[in-house]
Amino acid sequence: MNKNVSIIGVGMDLGADRRGVDMGPSAIRYAGVVKRLEGMGFSIKDIGDIVVNRPNQLVSTDHHKYLDQVVEANTTLAAAVSKEMAEGRFPLVLGGDHSIAMGTIAGVTQHVKNLGVIWFDAHGDLNTGETTPSGNIHGMPLAASLGLGHERLVNIGGFAPKIKAENVVVLGARDLDAGERALIKERGIKVFTMHEIDRLGMARVMEEAIAHVSKNTDGVHLSFDLDGLDPHDAPGVGTPVIGGISYREGHLAMEMLAESDVLVSAEFVEVNPILDRENVTARVAVAMMSSAFGDKLL
């Protein structure tokens, strides 16, 4: 793995329309991410946080809450990610809600044209303005990256689509909306629900997932939503769903991903310190990052 890592924070909560997740980057830094990765031999450059402009009241456009602000922040993020990659560095993005994945992927795919994606999440994030039950854009970033949805989200970074459905794996899903289920079937998106993880075991699931996203791609992006883990292990998230991936299963998944040596970028999102207890979820995020970056007991 690239030993030169650039940390980019995005204190975005507008995509979730719930306060607290905007403090996620600070919580993860406080949990010691820089010290942990430096101790593993990585050269860390923390470029700070992307500025997110927050309006004084709710603004909704075409069933998309805070559309202007989300597009603006993600456009800035895409440029920052692209700049760091142009300098030969690995972008590690700290969220913030999951809407920031649109900006991360837009920046990465300016350098990696055929990108594989592992979407670690309890949800599909495959809604559009036509299917969303809430209008919250953090439920739309995977769809937008595939070229589906509002044209302003789809075209962040100036091009679309960013990724192909056949190069995506959703891992840990257990809460899918009707429109998302239809889209998964229509596009043939590979999804490992908790049913498959329970039945097959995480080791086999990860073997299949890594093989899927690595085939005919030029690198893999990890989009890790902390609500993919069970709320018992990661309570500080905005949309917890019981029956999720365990702490140990999460580590195994990240360890196997590190051993595959395919990652070119990563983001860890949806840490909400207001809903957390003693910053445990941010500490879990750092632990998962360390495993994804190759940390081992022996």
Side-chain angles (χ1 to χ4, degrees), residues 15-16 18 21 24 27-28 31 92-101 104-105 116-127 136 138-143 145 168-177 180-181 184 189-206 208-210 212-213 220-258 263 265-272 275-276 280-293:
R18 187 171 191 176
V21 74
I28 294 170
L92 173 59
V93 180
L94 312 179
D97 69 62
H98 215 161
S99 70
I100 69 172
T104 306
I105 291 174
V117 175
I118 289 185
W119 200 269
F120 190 105
D121 205 320
H123 311 90
D125 294 348
L126 284 162
N127 274 303
N136 292 332
H138 77 156
M140 307 179 190
L142 185 51
S145 298
V168 174
V169 167
V170 178
L171 188 67
R174 54 196 185 275
D175 185 10
L176 299 171
D177 296 320
E180 294 179 305
R181 292 195 294 270
I184 287 166
I189 298 170
K190 187 75 168 177
V191 179
F192 290 102
T193 68
M194 289 308 302
H195 171 83
E196 283 79 35
I197 292 173
D198 289 341
R199 186 172 182 175
L200 303 175
M202 182 58 82
R204 179 174 166 187
V205 165
M206 281 305 296
E208 294 186 16
I210 292 168
H212 187 85
V213 297
V220 174
H221 171 67
L222 170 64
S223 194
F224 192 115
D225 188 325
L226 269 294
D227 73 24
L229 297 172
D230 192 87
H232 175 77
D233 297 312
V237 297
T239 49
V241 184
I242 62 172
I245 293 169
S246 72
Y247 179 82
R248 185 56 247 167
E249 287 173 325
H251 270 298
L252 176 59
M254 295 301 100
E255 289 161 356
M256 293 180 68
L257 192 54
L263 284 185
S265 55
E267 64 201 344
F268 288 75
V269 304
E270 298 284 358
V271 173
N272 191 326
L275 303 175
D276 207 3
V280 65
T281 305
R283 296 202 304 271
V284 168
V286 173
M288 294 296 151
M289 289 178 208
S290 69
S291 286
F293 278 71

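Predicted model only: the values in this text are computed from it and were never measured.
Considering CG of Leu142 and CG of Asp125, their distance stands at 7.0 Å, rounded to 0.5 Å. Taking CD1 from Ile245 and CE from Met288, the interatomic distance works out to 9.0 Å, rounded to the nearest 0.5 Å.
Under the side-chain contact (heavy atoms from CB on, under 4.5 Å) criterion, Glu196 pairs with Phe192, Thr193, Leu200, not counting sequence neighbours. Residues meeting the side-chain contact (heavy atoms from CB on, under 4.5 Å) test with Ala258, sequence neighbours left out: none. The side-chain contact (heavy atoms from CB on, under 4.5 Å) search around Arg199 returns His195, not counting sequence neighbours.
A side-chain donor from one of Glu270 and His138 sits under 3.5 Å from a side-chain acceptor of the other. Side chains of Asp227 and Thr239: a donor-acceptor N/O pair is present below 3.5 angstrom, by distance only.
Nearest heavy-atom pair across Ala101 and Pro141 is CB-CB, 4.1 Å. In this structure, Glu267 and Ser223 approach most closely via the heavy-atom pair OE2-OG, 2.5 Å. Residues Gly244 and Asp230 approach most closely at N-OD1, 2.8 Å, considering heavy atoms. Between Ser291 and His251, the shortest heavy-atom distance links the atoms OG-ND1, 2.7 Å. Ile197 approaches Glu249 most closely through the heavy-atom pair CG2-OE2, 4.0 Å.
Two rings, from Trp119 and His98, have their centers less than 6.0 Å apart.
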